Each structure stands twice: as structure tokens, then as C-alpha cells.
Amino acid sequence: MDELTIPRPDDWHLHLRDGEALRSVVGHTAAVFGRAIVMPNLRPPVETVAQAEAYRARILEALPPGHAFEPLMTLYLTPRSSPEEIARAARSPHVHAVKLYPAGATTNADAGVADLGAIAPVLEAMQEHDLPLLVHGESIDPAVDVFDREAVFIERELGPLVERFVGLRVVFEHITTAEAVAFVRAAPPRVAATVTPQHLLLDRNALFEGGIRPHHYCLPVLKRRRHREALCEAVASGSPKFFLGTDSAPHERSTKLSACGCAGIFSAPVALPLYAEAFESIGALDRLEGFASRHGPAFYRLPVAEDTITLRRESWTVPQSYPFGEGTVVAMRADRPIAWRVVSTTE
Ligand code: DOR
Ligand code: ZN
């Protein structure tokens, strides 16, 4: 198979930033993806429906002309979040989910929630209004090894949460471990997961390949090979519980190349070709369509796109960097070849 045409995919986990940075990156996503679940970890965080509506308007305003891209907004859960705001979110046609960051777990997560017990009324309201919870699943206990944070979070937090809120729909975001795959598989259909291109293609060796590689640093951090293989098996199975979420997270180049570099891999311009590479490498190219274009809409109860996109097996070299506000951002696979290219889209 040298060419693959699929319904236009969506990105179910994306960081678009704000201001000039937003203007620099949104076109990369809109050129390929029809919709994206937009993460709310701005400074200050997107906590209210009013803030989400205003952010959505800025995204639409920043879109290059000619793109029919739909940003699907999310709210940022904080200890101050209220059931009333959840009810408002459920009434909004533009807010599609609420994001849980354990406090301090990652970039701009300091406003997040340290004690899940304390937000039970809000989770109950989400359950009642059928608004999905998107989870950054890492333990924030400083005693837990960074490579174990996801597995520990499942045991201590996510497992009990899914059991307690029996009607709550949950997306376990950017899963990275065999434990997460097993958890999602065993959970009821209301529990799903997104998988990034980096966690399908790279293991933790990529962080130290001939020297330290800050552009491969993201959270949750890359794991051992056996975990990567478990993720590959999960997406190759064709299970509707696993769908595309790039977690494309641009940071200006100098903030990555620093004594304390930021977490985040920018993949928007290369994501779909990278997923195609990953699926092909496991002999599952025929499963890409479900993962990229069908399972996400089914979970979020949205229609599958009517237009299509075509990928061709044709090698190209990723630019060394892309403009990003006043500076630049380095994409995944920068300056190296990718085997697939997006060649056409239809309206
Ligand atoms: O690597 C990451 N970067 N992980 C996250 O959870 C947040 C993201 C960001 O916003 O930069
Ligand atoms: Zn993210």
C-alpha cells in the first residue's frame, strides 16, 4: 500500500498556546486535522466557560485563511472548580471535556488538583451532565520514581476514581505504559485513551542517544521498549478505546535547550506521517483509519468527517525548525526523513 485515503482525522489532545505562539502553530494542525481537543493549560489556566469561549475566538482568529478547523474546548480543573461551572460547560456547544492535571505534574499544572477527594462534587456534576474527564495520569508523590508515576497513579487514583464514578466517561491521556494499556482494556467502554506518536515510535533510549536529547523530553516521559511495544499492540488491535492524540506541545527552542528544559514534543506538522510510519512498522496500516478518524468521534459522540485526506509513501526531510513567535520551535524528527507525506485533502 503506497497511498492511503481516510476520513479527515482529528487530534484529541493538542496544545495550541496563545498569542503569537498560537498564530505560529495553529495552521500546522488545521492543515491536516478537522478538529482538535484543545488543552487548557495556559497561564492563567482556562477555568471557566467564558475563558474557553474567549480562547476559542482567539484560535479561530489566528487560523490562516482557508481552513475549516474546529477547536473543541476544555476546562482546567482546579480546587476552585464548581458544579455550577460544569453545568454551564455542559450547556456550551463549544466545551467538550474537562482536564485534570494533578498539581505540578507537568507544564503549567501548578493550578491543578492535589487531592482528588476534594473535587468529588465536581466529578459528580460531570457524571450527571455526561461531560468527559481527561486525565493527565501521573502520581505527584515526590517519592515515586519518574518512570513509575503512571503505574502508581492508576493504582492509587485512577482505578478508584473509575470505580467510584460509575457513569463518568474518562480519557486517560497520552498513555505510556503496559499497565495503562491493561487498565484501559479491562475498564468499561466509557474509559478510553489517547496515544502520541512519540510513545509509539520512541523508547527512553531516545533521550540519551549519543548525548542528552532535550527535544525528546516530554511528560509522561518516554518509557522502556516493552511499554512502547504494548502501546503498539493496543493500537494495532483496532480497539475503539484507543485513539489519536498528538500531545503536540511546542516550546521555544531556547527553553528546551536549557539547564532546566521544558517538557513537550512539538509534532503538529509531522504527526500524521509519523503515525503512518508507526502503524506500518507493526503491520497495521489498515488500523490507522479507525485510530485517527473514527474511534475519537465515536467516544466524543461527534460525526466522522465527511471529507478525506490522502497519505502517500514518499520520503521528505523535516525542516530543522519552524517559526514560533519571535523564535523557533524544533519538531519531532527535525532534519531527518519521514517515509510518509500528506498529499491531498478534500473539502
Ligand atoms: O510534555 C508535556 N508538555 N506534557 C504535558 O503534559 C504538558 C505539555 C505542555 O503543555 O508543554
Ligand atoms: Zn498534553
Side-chain angles (χ1 to χ4, degrees), residues 10-19 21-22 24-26 28-29 33 36-46 55 59 71-77 96-113 132-140 146-147 149-150 153 157-158 170-177 180 192-202 204 206-207 213-223 243-258 260-268 271 296 324-325 327 329-332:
D10 307 293
D11 186 347
W12 300 100
H13 185 124
L14 175 67
H15 298 270
L16 281 176
R17 313 307 191 203
D18 210 346
L22 162 63
S24 304
V25 297
V26 66
H28 293 298
T29 291
F33 298 96
I37 284 277
V38 179
M39 289 297 126
N41 63 333
L42 304 182
R43 269 184 200 279
V46 179
Y55 184 28
I59 294 168
L72 308 172
M73 308 312 292
T74 61
L75 300 189
Y76 188 125
L77 261 185
H96 291 263
V98 177
K99 175 73 188 260
L100 168 67
Y101 286 106
T106 185
T107 308
N108 293 351
D110 28 297
V113 177
L133 176 71
L134 315 183
V135 181
H136 182 109
E138 288 196 286
S139 170
I140 50 172
V146 66
F147 291 99
R149 284 180 193 167
E150 188 172 276
F153 184 85
E157 315 280 356
L158 191 57
V170 175
V171 183
F172 193 172
E173 299 287 345
H174 43 55
I175 57 169
T176 65
T177 58
T194 53
V195 187
T196 74
Q198 63 264 27
H199 293 106
L200 288 175
L201 285 165
L202 305 173
R204 65 191 197 176
L207 285 163
R213 299 287 186 165
H215 297 302
H216 286 160
Y217 174 55
C218 65
L219 286 172
V221 73
L222 298 171
K223 304 296 193 299
F243 44 82
L244 186 158
T246 63
D247 200 15
S248 178
H251 290 273
E252 206 282 321
R253 187 171 176 275
S254 61
T255 65
K256 297 279 297 170
L257 308 181
S258 140
C260 186
C262 293
I265 295 180
F266 177 53
S267 62
F324 187 65
V329 58
V330 177
M332 189 173 168

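Just so it is clear, the model here is predicted, and its values are computed rather than measured. Every number for a ligand or one of its atoms is a count from 1 in the order of the listing.
Taking all heavy atoms of K99, H15, H251 into account, the minimum distance to atom 11 (O) of ligand 1 is reached by H251.
The 12-atom threshold is exceeded at CZ of R149, counting heavy atoms of other residues, nucleotides or ligands nearer than 6.0 Å.
Within the structure, the closest approach of Q198 to ligand 1 does not fall below 4.0 Å when heavy atoms are considered.
Considering only heavy atoms from C-beta on, M73 comes within 4.5 Å of I59 through its side chain. Counting heavy atoms from C-beta outward, T246 and T29 have side chains that stay 4.5 Å or more apart. Between H199 and C218, the closest side-chain pair of non-hydrogen atoms falls below 4.5 Å. For the pair M332 and L201, the minimum side-chain heavy-atom distance is below 4.5 Å. Between I265 and H215 the shortest side-chain heavy-atom distance does not fall below 4.5 Å.
In E173, neither the side chain nor the backbone holds a heavy atom less than 4.0 Å from any atom of ligand 1. Of all the heavy atoms of N108, none lies under 4.0 Å from any atom of ligand 1, so neither backbone nor side chain is involved. Neither the backbone nor the side chain of M39 has a heavy atom within less than 4.0 Å of ligand 1.
Among the backbone and side-chain atoms of H15, an N, O or S atom lies under 2.8 Å from the Zn ion (ligand 2). Within the coordination shell of the Zn ion (ligand 2), defined by N, O or S atoms under 2.8 Å, E173 is absent. Here H13 reaches the Zn ion (ligand 2): one of its N/O/S atoms is less than 2.8 Å from the metal.
Taking both residues in full, the closest heavy atoms of H216 and L207 are given as O-CD2, 3.3 Å, listed atom of the first, atom of the second, then distance. The minimum heavy-atom distance between H174 and E150, with the atom names listed, is O-OE1, 3.8 Å.
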Test side chain to side chain donor-acceptor pair (under 3.5 Å) applied to K223 and T176, step by step: CA-CA 7 Å; K223 304 296 193 299; T176 65; 3.0 Å; yes
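The protein heavy atom nearest to atom 3 (N) of ligand 1 is A263 O, 3.0 Å. Protein heavy atom closest to atom 1 (O) of ligand 1, with residue, atom name and distance, is L219 N, 2.8 Å.
Ring geometry for W12 against F243 counts as perpendicular: the plane angle is over 60°, on a 0 to 90° scale with 30° as the lower cut.
Here the N, O or S atom of D247 that is nearest to the Zn ion (ligand 2) is OD1.
Here is the list of ligand 1 atoms found below 4.0 Å of a heavy atom in N41: 9 (C), 10 (O). Listed by number with element, the atoms of ligand 1 under 4.0 angstrom from any heavy atom of A249 are 3 (N), 8 (C), 9 (C), 11 (O). Atoms of ligand 1 found under 4.0 Å from any heavy atom of H136, numbered from 1 in the order shown, are 6 (O). Annotation for ligand 1: atoms under 4.0 Å from non-hydrogen atoms of C218 are 1 (O).
The shortest N or O to N or O distance between T106 and ligand 1 is under 3.5 Å.
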